[in-house]
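Everything below concerns the one structure shown next.
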Amino acid sequence: MTDGPRVRIAPSPTGFFHVGTGRTALFNWLYARQQGGTFVLRIEDTDTARNRPEHVDGILRAMQWLGLDWDEGPYFQSERTALYADAIERLLASGAAYACDCTPDAVSERARQRGDKTPGYDGFCRDRGLEPLAGRLVRFRTPDTGQSSFDDVIRGTVTVDNAKIEDFGVRKSNGDPLFLLANVVDDAEMAITHVIRGEDHVSNTSKYLLLWEALGYGPRPVFAHLPLLLNEARKKLSKRRDKVAVEDYRDEGYLPEALRNYLALLGWSPGDDREILTLDELVAEFRLEDVKSAGAIFDERKLQSVNSEYLRAFTVDDLVDRAQAWLLTRWQPLAALVQERVRTLAEVYSMTDFLYLPQLVVDAEEWARGVRKHPAFAAVLAAASKRYTEIDEWKAAVIHDATVAAGEEAGVAQLGKAQAPVRLAVTGRSVGPPLWESLEALGRDRTLARLAEAQRRLESGG
RNA sequence: GGCCCCAUCGUCUAGUGGCCUAGGACACUACCCUCUCAAGGUAGAGACACGGGUUCGAAUCCCGUUGGGGCUGCCA
């Protein structure tokens with residue numbers, strides 16, 4: 001173990017790896033590398049209901065793609081439950097925590113009756129002396145008086161009246177630890193010295209510190225809350241509304257070094273006019289205390305320009321290599337299926353061009369015969385769009401089932417007839433590799449976009 | 001609503017009391033270059049939210065207002 005600072009990135013596997021998490025990871029990584037510290041990767045998977053193993057793979061893939069190598073981990077909170085159980089027992093034993101059997105409905109109902117001046121938990125079970133049995137939530141007893149404050153490297157001193165902090169949960173009624181508890185225990189156990197995270201955690205920090213003190217963990221870590229990444233509407237980048245998955249940017253042809261460079265410039269600047277900086281320069285010049293405190297809009301156009309600067313700076317040979325590798329990732333999933341059907345290498349192109357073309361060129365005759373001819377085909381496209389939207393996992397077998405169901409819904413019993421209009425609408429051709437795998441490779445978003453486009457064309461009489 | 005955080009061109013930012021007539025980049029406009037498109041070059045438009053203080057002097061410090069955001073979950 002080195003003497004330098006210990007920092008961590010603690011993503012939760014409940015969705016794709018978010019660019020905001022990527023930026024936080026990058027800043028932690030830069031700080032660790034610059035200070036000769038240790039960068040820890042910890043997977044916060046305490047929410048067993050929402051965890052998805054494939055998202056863990058996605059996190060590791062995205063981190064590696066971005067070049068953010070970690071020195072320790074990945075640690076999994078799901079494998080450290082004894083630690084949290086022990087901490088909760090200690091809180092219970094000292095009276096710092098207590099059991100609560102209020103339902104969420106009861107809590108909000110009481111808040112409503114009070115006039116809802118201070119929503120949140122009202123301390124109803126504080127002194128009822130309930131046994132912490134299974135089925136009961138365990139809450140931390142927050143002080144009624146005094147203030148909690150901490151010094152933030154980026155924001156200065158933040159102070160909150162303890163009375164404003166409600167008794168928050170530390171253990172679910174099913175026995176699983178809650179975020180605040182597991183987070184604090186692990187930071188202490190892992191000897192994290194600097195907590196560098198998003199601004200959305202500022203208000204969690206006073207709770208964090210209260211727990212930290214109650215558990216007797218000694219000197220606190222240093223805090224640095226990074227400004228949030230915002231969308232054009234100046235709202236926190238959200239999974240639902242915005243394109244936030246790091247891997248989406250990879251798939252669209254952004255270079256990891258360009259994304260990294262751009263992300264580094266969101267909230268930080270080298271202090272002069274340079275905007276293209278090598279990793280070594282970032283490591284050398286990054287200053288945590290110089291990070292701005294105001295939120296930053298993630299502007300894809302600017303990212304594009306940074307990306308194109310990198311692209312142009314390549315040697316031609318490098319560009320060929322990088323482009324070749326990217327091109328390959330798109331059609332490689334279909335390689336074996338394509339192989340069985342081609343007579344020349346040129347046909348590899350015609351069988352996979354739909355994966356690359358921004359705009360399909362559909363032969364008028366094919367369109368007339370394959371889509372426009374049967375009234376039911378329009379219904380097939382509509383039904384397929386709907387069912388594809390509802391699919392949980394975008395996999396060939398599932399797409400197959402959804403297409404069969406869409407065909408039946410549209411009154412087309414034969415699978416062949418159901419897939420024909422979809423194939424033409426989505427790939428622009430009536431022949432090609434098996435459709436399900438093709439759609440899987442294309443991706444759901446682009447598949448849906450092409451179905452919508454085909455439907456518009458039909459409606460406008462095309 | 002409550003608590004917390006924030007505030008320089010449309011966007012990312014430089015600026016840490018005089019160097020600011022506020023600089024750069026993206027995007028935008030015009031022109032040049034040019035077989036097209038990019039790239040490149042030149043020029044242009046474009047910001048210190050507002051009001052009070054402090055100071056010889058304020059984008060920079062203080063207070064207030066306004067505006068924006070975050071949190072307010074048996075999610076993280």
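Proteins come first, then strands; the chains are lettered A, B, ... in the order of their sequence lines, and each starts at number 1.
Legend: side-chain hydrogen bond (donor to acceptor under 3.5 Å, both in side chains) pairs involving residues 310-320 of chain A, not counting sequence neighbours, sorted by first then second residue: A:N261-A:Y310, A:S308-A:R312, A:T315-A:D318.
Using a cut-off of 4.0 Å between Lys/Arg side-chain N and Asp/Glu carboxylate O, A:E189 and A:R42 are scored as not salt-bridged.
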Using a cut-off of under 3.5 Å, enumerate the N/O to N/O pairs linking the protein to nucleotides 67-69 of chain B.
| from | atom 1 | to | atom 2 | distance (Å) |
| --- | --- | --- | --- | --- |
| B:G69 | OP1 | A:K235 | NZ | 2.0 |

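A:Y208 and A:D187 are linked by a side-chain donor-acceptor pair at a separation below 3.5 angstrom, with hydrogens and angles left out of the test.
Side-chain proximity of A:R50 to B:C3, B:G73, B:C75: nearest is B:C75. Picking from B:C6, B:A76, B:U72 the nucleotide with the shortest atom distance to the side chain of A:N204 gives B:A76. Each of B:C12, B:G23, B:U8 was ranked by its minimum atom distance to the side chain of A:D273; first place goes to B:G23. In this structure, of B:C74, B:U13, B:G73, it is B:C74 that holds the atom nearest to the side chain of A:L137.
In the displayed structure, A:F16 atom CZ is contacted under 6.0 Å by at most 12 heavy atoms of other residues, nucleotides or ligands.
Here the separation of B:C26 from B:U21, taken at their C1' atoms, is 25 Å to the nearest Å. Atom C1' of B:A45 sits at a distance of 9 Å from the matching atom of B:C28, rounded to the whole Å. For the P atoms, the distance from B:C62 to B:A58 is 15 Å, rounded to whole Å. Taking the P atoms as reference points, B:U29 lies 30 Å from B:G68, given to the whole Å. Taking atom P in both B:C12 and B:G64, the straight-line distance is 26 Å, to the nearest Å. With both ends at atom C1', the span from B:A25 to B:G67 equals 27 Å, rounded to whole Å. With C1' as the reference atom, B:G70 and B:A27 are 28 Å apart, rounded to whole Å.
Taking the six-membered ring for Trp and thresholds of 30 and 60 degrees, A:F298 and A:Y262 have ring planes more than 60 degrees apart, a perpendicular arrangement. Taking the six-membered ring where tryptophan is involved, the planes of A:Y31 and A:H194 are tilted, since the angle between them lies from 30° to 60°.
A:G169 comes within 4.0 angstrom of no nucleic acid atom, judged by non-hydrogen atoms across all strands. A:T159 comes within 4.0 angstrom of sugar-phosphate atoms only, judged by non-hydrogen atoms across all strands, and of no base. Counting any heavy atom pair closer than 4.0 Å across all strands shown, A:S269 reaches sugar-phosphate atoms only and no base atom. Within the 4.0 angstrom heavy-atom criterion, no nucleotide atom of any strand lies near A:G198. At a threshold of 4.0 angstrom between heavy atoms, the contacts of A:T103 with the nucleic acid are absent. Residue A:H201 is classed as a base contact, given a heavy-atom separation below 4.0 Å to a base.
Remark: B:U54 base-pairs with no nucleotide; criterion is Watson-Crick or G-U wobble with both hydrogen-bond distances under 3.5 Å. For B:C9, there is no paired nucleotide, since no Watson-Crick or G-U wobble pair has both relevant distances below 3.5 Å. The nucleotide B:G44 finds its pairing partner in B:C28, both defining distances of the Watson-Crick or G-U wobble pair being shorter than 3.5 Å. The base-pairing partner of B:A49, taking Watson-Crick or G-U wobble contacts with both distances under 3.5 Å, is B:U65. Searching all strands for a Watson-Crick or G-U wobble partner of B:U36 with both distances below 3.5 Å returns nothing. Pair check for B:C19 finds none; no Watson-Crick or G-U wobble contact set falls under 3.5 Å.
Annotation: cation-pi pair A:R23/A:W268 absent, no NZ/CZ under 6.0 Å from the ring centroid and within 45° of its normal. A:F168 does not carry A:R139 over the face of its six-membered ring by the limits of under 6.0 Å from the centre and within 45° of the normal.
The base of B:C5 lies outside donor-acceptor range of the side chain of A:R155, with no N or O pair under 3.5 Å.
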Q) Reading nucleotides 26-49 of chain B from the 5' end, what letters show protein touch, with B for base, S for backbone sugar-phosphate only, - for no heavy atom under 4.0 Å? A) SS-----------SS---------

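Ring centroid separation for the pair A:Y356 and A:W331 does not come in under the 6.0 Å cut-off.
Between A:S203 and B:C5 there is no side-chain polar atom (N or O) within less than 4.0 angstrom of OP1 or OP2.
With A:N51 contributing its side chain and A:D45 its backbone, the two residues share a donor-acceptor pair below 3.5 Å.
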